[in-house]
Amino acid sequence: MRRPRKIKHRILKGVIYVRASFRNTIVTVTDIRGQAVYWSSAGACGFKNTKRRSPFAAQIAAENAIGTLMDQGLLKQAEVKISGPGPGRDPALRAIIRSGVLLTYIRDVTPMPHNGCRPPKRRRV
């Protein structure tokens, strides 16, 4: 097990961003101004190749990020913003809820196209 990173400043309220792509899940904890305090990902937790995209890897990444800050008594209250269509969305959120952090709100901030880009012209053979 690795040593926890040094934390420069105390935050009692923060924002937890969960970025769930099809290949990896990244959990970032910031203060309310948006400055990153701690982050973790499925790849950084030791999962490689296709195991990185598994829901279990996302759960471990979220537990790692939140658990480190909770052990040091840095995070009491948080907002959660979830982005991306990956399989790690729900397990990461469940791990955050179980950690004991008081959540003010949970929001899905996945970018949705309002009509998208123009499609490529049709192929003629």
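We use all heavy atoms of the structure for the numbers below, so side chains are in, but hydrogens, waters and symmetry mates are not.
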What are the two closest heavy atoms between [X] and [Y], and how far apart are they?
{"X": "Ser40", "Y": "Cys45", "value": "OG-SG, 3.4 Å"}
{"X": "Ala36", "Y": "Thr28", "value": "CB-CG2, 4.2 Å"}
{"X": "Ala95", "Y": "Gln59", "value": "CB-O, 3.9 Å"}

Checklist entry - If Ile, Leu, Val, Met, Phe, Trp and Tyr residues are connected whenever their side-chain heavy atoms lie under 4.5 Å apart, and connections chain through other members, are Ile106 and Val15 in the same group? => result no
Item to check | CG-CZ distance between Asn24 and Arg53, expressed to the nearest 0.5 angstrom | outcome: 11.0 Å
Checklist entry - So how far is it from Leu103 CG to Leu93 CG, rounded to the nearest 0.5 Å? => result 7.5 Å
Checklist entry - Any sub-3.5 Å donor-acceptor pair from Arg52's side-chain atoms to Gly43's backbone N or O? => result no
Checklist entry - Can any side-chain N or O of Thr110 pair as donor or acceptor with the backbone N or O of Gly84 at less than 3.5 Å? => result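 Yes, Thr110 side chain to Gly84 backbone: donor-acceptor pair under 3.5 Å.
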Checklist entry - Are any of the side-chain heavy atoms of Phe22 and Pro85 separated by less than 4.5 Å? => result yes
Checklist entry - Heavy atoms, side chains only, cut-off 4.5 Å: are Ile96 and Val18 in contact? => result yes
Item to check | Stepwise side-chain contact (heavy atoms from CB on, under 4.5 Å) check, Ile60 with Phe47 | outcome: CA-CA 10 Å; Ile60 296 297; Phe47 294 94; 4.1 Å; yes
Item to check | Ile32, CD1: over 12 other non-hydrogen atoms inside 6.0 angstrom | outcome: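 Open: at most 12 neighbouring heavy atoms sit under 6.0 Å from CD1 of Ile32.
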